[in-house]
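Note sheet for the following structure.
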There are 2 protein chains.
Amino acid sequence: METLTIGKVARLAGVGVETVRFYERQGLVEEPPRRASGYRQYPVETVSRIRFIRRAKELGFSLKEIRELLELRIDPKTTCEDIRRRADAKIDDIAERIATLRRMKAALERLTAACRRGRGPVSGCPILEALEDGEKS
Amino acid sequence: METLTIGKVARLAGVGVETVRFYERQGLVEEPPRRASGYRQYPVETVSRIRFIRRAKELGFSLKEIRELLELRIDPKTTCEDIRRRADAKIDDIAERIATLRRMKAALERLTAACRRGRGPVSGCPILEALEDGEKS
DNA sequence: CTACACCCGGTACCATACTACGGAGTCAAG
DNA sequence: CTTGACTCCGTAGTATGGTACCGGGTGTAG
């Protein structure tokens with residue numbers, strides 16, 4: 001089975017070596033087996049895992065939330081009911097983020113449209129107005 | 001014209017007084033007029049502005065990016081061309097975030113579906129696998 | 001068998017985004 | 001006209017998420 005050193009994992013995932021070790025300390029990346037010298041031996045999947053972490057982080061999930069997302073899987077240690085409840089909560093959260101982003105996008109599209117056809121009466125701040133409704137917390 | 005003290009703005013927007021002043025220092029909230037005593041007099045719109053900042057932050061935008069979003073408007077100081085270019089870049093950014101969130105949501109939905117019909121062969125980490133493709137940076 | 005890139009753990013430092021504190025002045029209800 | 005909540009500014013401290021550096025050991029190509 002193919003394994004990678006920490007440096008290769010880091011390069012493939014587009015992060016620094018220090019970041020990989022940091023994610024390990026945070027419980028986001030499983031502690032890999034070591035060889036006699038103490039060198040970490042990573043399975044190739046670790047690369048995808050780290051790439052996922054980066055993407056989720058860009059979308060505003062905290063490392064704690066990302067850990068929870070990564071723990072969502074069907075295994076014998078947790079009941080199906082429990083997994084479904086937590087996954088459903090995440091789904092709702094994500095749906096709401098998508099809805100808000102869509103409103104922001106629509107507002108910006110109206111702005112560029114107004115711009116294109118000779119600066120209509122768009123003043124004030126359109127993106128801000130787009131979120132006036134739809135408040136919920 | 002109705003104005004608000006900093007404390008009222010903060011309460012209505014759901015943040016602390018210190019946060020309002022912090023956003024002012026960061027250029028996210030315009031410096032309001034003061035009365036003779038030095039007290040800030042905010043227009044009511046400031047509340048929406050701060051609520052927008054909070055939402056955008058939850059979606060993973062940095063304060064710097066949020067400032068850029070809030071500056072996108074048609075005014076005489078910038079050319080239409082410039083506004084459109086910057087707005088288009090933000091639109092692309094947002095579209096990509098939406099696409100990634102949709103893939104995450106779909107993965108979680110597959111997980112709960114598998115869960116519901118008596119734990120199928122879903123092992124490993126479905127949300128992670130959902131993003132295996134669609135890499136771009 | 002040595003050079004050089006790589007890995008080890010530990011600690012210290014950094015940027016971002018707040019949050020708290022202190023000492024003093026202000027406002028309004030009673 | 002006092003009292004208590006609110007405001008002022010400045011500075012310092014916190015949490016998160018890394019990033020950098022250290023002295024030392026490891027691995028391998030020439």
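In what follows, chains carry the letters A, B, and so on, assigned in the order in which the sequence lines appear, proteins first and then strands, with residues in each chain numbered from 1.
- A:Leu63 has its side chain within reach of A:Tyr23: a pair of non-hydrogen atoms, C-beta onward, lies under 4.5 Å apart.
- Judged by a 6.0 Å distance limit and a 45° cone about the ring axis, B:Arg97 is positioned over the six-membered ring of B:Phe61.
- For C:dC6, the OP1/OP2 oxygens have no side-chain nitrogen or oxygen of A:Lys8 closer than 4.0 Å.
- For the atom pair CD (B:Gln41) and CZ (B:Arg34), the distance works out to 10.0 Å, reported to the nearest 0.5 Å.
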Seminar exercise, completed: Whether each nucleotide of nucleotides 25-30 of chain C has a protein heavy atom under 4.0 Å at its base (B), only at its sugar-phosphate (S) or at neither (-) is summarised, 5' to 3', as BBS---
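- Along DNA chain D, read 5' to 3', the first and last nucleotides having any atom under 4.0 Å from a heavy atom of chain A are D:dG17 to D:dG27.
- Each of A:Gln26 and B:Arg21 was assigned the nucleotide of DNA chain D with the nearest heavy atom; the assignment lying further toward the 5' end belongs to B:Arg21.
- Judged purely by distance below 3.5 Å, without hydrogens or angles, the side chains of B:Tyr42 and B:Glu24 pair a donor atom with an acceptor atom.
- Within the structure, a side-chain polar atom (N or O) of A:Arg40 is placed less than 4.0 Å from OP1 or OP2 of C:dC8.
- Both A:Arg25 and B:Glu18 sit near DNA chain C, but only A:Arg25 has its closest nucleotide nearer the 5' end.
- With a 4.5 Å cut-off on side-chain heavy atoms, A:Ile91 and A:Glu96 do not count as touching.
- Atoms CD1 and OG1, on B:Ile53 and B:Thr46 in that order, are 9.5 Å from each other to the nearest 0.5 Å.
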